[in-house]
Amino acid sequence: MDWRLFEEKLSKRMEADHIPGAAIAVSKNGEVIYQKGFGVKDLESMELVTPKTIFGIASVTKSFTALAIMKLEEAGKLSIDDPVIKYLPEFRISNIDSMESIKIHHLLTHTTGLAPIRRREELNKFHEHLTYLAENEHSLLGKPGEYLSYCNDTFLLLGAIIERLTGRIYRRYITEELLNPLHMNRSTFSIEEINKMDDVSSPYVYYQETEQFEKQNWPALGNYEVGGGIRSNVLDLLKYGELYVNQGLIDKDTFISKKQLEKMQNPYFQINRNSYYGYALQVTLDYHGFTLVDHGGGQPGVSSNFGFIPEQKLVVAVLTNASDVPAKDIWLEVVNTALGLPIEGKYSHLEPTVELPDARKKQFVGTYQSEEGTSIQILLKGSVLQAKIDNQVFTLRACDKTTLVIMKTEKQIRFYFNQNEEPWAAFFGLRMLLKTSGN
């Protein structure tokens, strides 16, 4: 494998996208075939990144939580088809009458019917979060299973279920039952442990307005650690990925059945033309004859992507110490290089361009946002549709009558229309953003 083209592209991307440091690692058939650090882990000390450098992994943590649930199901402690209230009887959402309709399956797939809600990172105990969910009004999208919308506040309830069933706090259970058996010895939830370790990155946010980096503190996260609290390194993540490509074996011993791992990788809910959401894993079918299984993550000062190609027993991990980095695109370039495919290959074929009448274009115009903070403003300048995201304006084109594509990135924004042909929500970044103002 010739990694020179990938490294050249990554070097240019790091400069253009303001990435201080990144680490990449690849294994195939259990052997590390590529590992390298790029840039610096701290802009003050200018120490170089190594493959052992610790970064936040953010929402890559979610698959660890899902794996713990699958192990508990295999042990007969629960069923993914059980109502959540069987284990958390105080679970209530004020405008849902039948709480029995929300299953563990819906937590795992972000299909509870709840739109993203305001984060409360100061809540550190699960009973506090259950009270928050019960005592406040939250926007509903539809019935459980009808819509996918990423919701950290319902996903974290899986941690509460783990605590109820095992009698151990969530982070201790994950550490003892997953991280330790996988020999992920430089992976932890604990900020105190991070501060005792060497070779740790500093998280950064780059501000376009000032053209300056700002160092971030490691966020405590509270209950949200269930979906984003692990700090790790690319070599440890390869060990984790080996569990999947080896169908549940650790050191030739069965850790979990192949059947349970396959459940995590089932294409439960379609995201776009050939990608689906499983249990805290995204599955892309028939990518040049291969299956891509991956998940990304983002926090202030963290962008990550981890995944594997089961048919090739290939595992790839990408970690960076900056916000809003296209780690998923970097991950795919690594995969393409490892598979001997053109490095520019994308997850799906280029969507067609469809010309819409101006009257239809006007229907998209408005602001779409979530209580979690994500916001998109759709503008119409002359006859050209634009999207304003994080104070940046992107030109759009239509690929069908309900879907717009950001031309720079080819990312889709899918709109949902009511019976009056008025859009009420936009699906972007795995989240349903509700329309809050019109044209």
Side-chain angles (χ1 to χ4, degrees), residues 1 3-28 31-61 63-64 179 182-188 193-194 197-206 213 215-216 218 228-242 294-308 314-338 343:
M1 299 173 191
W3 294 95
R4 287 176 296 180
L5 179 56
F6 165 74
E7 292 178 0
E8 289 171 6
K9 284 180 66 70
L10 180 59
S11 178
K12 292 176 182 177
R13 185 192 292 273
M14 290 178 70
E15 184 174 351
D17 292 343
H18 311 290
I19 307 170
I24 316 289
V26 184
S27 67
K28 186 169 184 178
E31 298 292 328
V32 178
I33 60 172
Y34 183 79
Q35 55 174 311
K36 195 164 183 177
F38 299 84
V40 298
K41 55 195 173 192
D42 187 279
L43 289 169
E44 296 169 9
S45 69
M46 297 302 288
E47 293 178 281
L48 299 179
V49 172
T50 77
K52 293 183 179 179
T53 300
I54 292 173
F55 296 81
I57 71 170
S59 286
V60 175
T61 303
S63 62
F64 288 82
L179 302 184
L182 287 163
H183 311 297
M184 297 179 67
N185 300 323
R186 283 177 53 77
S187 300
T188 181
E193 287 187 6
I194 287 290
M197 291 180 174
D198 294 323
D199 201 359
V200 177
S201 67
S202 297
Y204 288 95
V205 171
Y206 181 81
F213 286 98
K215 185 184 288 191
Q216 307 294 301
W218 291 105
I230 294 177
R231 284 87 184 187
S232 186
N233 62 90
V234 290
L235 295 178
D236 270 11
L237 288 177
L238 293 189
K239 298 173 187 177
Y240 175 54
E242 291 296 324
D294 73 296
H295 203 284
Q299 289 169 355
V302 173
S303 298
S304 60
N305 212 79
F306 156 85
F308 51 93
L314 189 76
V315 184
V316 176
V318 174
L319 298 175
T320 75
N321 59 344
S323 303
D324 301 321
V325 169
K328 193 177 184 76
D329 294 343
I330 298 171
W331 185 85
L332 188 59
E333 289 176 354
V334 178
V335 168
N336 288 337
T337 302
I343 196 169

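None of the values given here were measured: they were computed from a predicted structure. Throughout, numbering of the chain's residues begins at 1 and tracks the sequence. For the numbers below, each heavy atom of this structure counts, side chains included, while hydrogens, waters and symmetry mates do not.
Residues forming a side chain to side chain contact (heavy atoms under 4.5 Å, CB included) with E7 (at least two apart in sequence, or on another chain): W3, Y34, K36, F38. By the salt bridge (charged side-chain N to carboxylate O under 4.0 Å, His left out) test, E15 is found to be paired with no residue, residues two or more places apart in sequence or in another chain being considered. Residues passing the salt bridge (charged side-chain N to carboxylate O under 4.0 Å, His left out) test with D329: none are found, sequence neighbours excluded. The side chain to side chain contact (heavy atoms under 4.5 Å, CB included) check on K28 picks up I33, Q312, L314, with sequence neighbours excluded. Listed by chain and number, the residues in a salt bridge (charged side-chain N to carboxylate O under 4.0 Å, His left out) with K328 are D294 (sequence neighbours excluded).
Heavy-atom minimum distance, H295 versus V60: O-CG2, 3.5 Å. The two residues F306 and G241 have their closest heavy-atom pair at CZ-CA, 3.6 Å. Closest non-hydrogen pair, I230 versus S187, comes out as CG2-CB, 4.5 Å.
No hydrogens or angles considered: a donor-acceptor pair under 3.5 Å links the side chains of D199 and T53.
Rounded to the nearest 0.5 Å, atoms CG (L235) and OG (S27) are 9.5 Å apart. Between the OG atom in S232 and the CG atom in L237 there is a gap of 4.0 Å [rounded to 0.5 Å]. Atom-to-atom distance recorded for N185:CG and L182:CG is 10.0 Å, nearest 0.5 angstrom. Atom-to-atom distance recorded for I19:CD1 and M14:CE is 6.0 Å, nearest 0.5 angstrom. To the nearest 0.5 Å, atoms OG1 (T337) and CG (L332) are separated by 9.5 Å. Distance check, rounded to the nearest 0.5 Å: CD of E44 to CE of M46 gives 11.0 Å.
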(request) Assess whether side-chain contact (heavy atoms from CB on, under 4.5 Å) is satisfied between Y204 and D42, documenting all intermediate values. (result) CA-CA 9 Å; Y204 288 95; D42 187 279; 3.5 Å; yes

(request) Begin with the C-alpha distance, continue with both residues' side-chain angles, and end with the deciding distance and a verdict on side-chain contact (heavy atoms from CB on, under 4.5 Å) for M197 and T188. (result) CA-CA 11 Å; M197 291 180 174; T188 181; 4.3 Å; yes

(message) Please determine whether side-chain contact (heavy atoms from CB on, under 4.5 Å) holds for the pair N305 and I330, giving the CA-CA distance in whole Å, both sets of side-chain angles, and the decisive distance to 0.1 Å.
(response) CA-CA 8 Å; N305 212 79; I330 298 171; over 6 Å; no

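Ring geometry for F213 versus H18: interplanar angle over 60°, hence perpendicular rather than tilted (30 to 60°).
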In residues 315-327, what donor-acceptor pairs under 3.5 Å come from side-chain atoms, sequence neighbours left out?
from : atom 1 : to   : atom 2 : distance (Å)
T320 : OG1    : S303 : O      : 3.0
N321 : OD1    : G21  : N      : 2.8
N321 : ND2    : V40  : O      : 3.4
N321 : ND2    : K41  : O      : 3.4
N321 : ND2    : S202 : O      : 3.2
S323 : OG     : Q299 : O      : 3.4
S323 : OG     : G301 : N      : 2.6

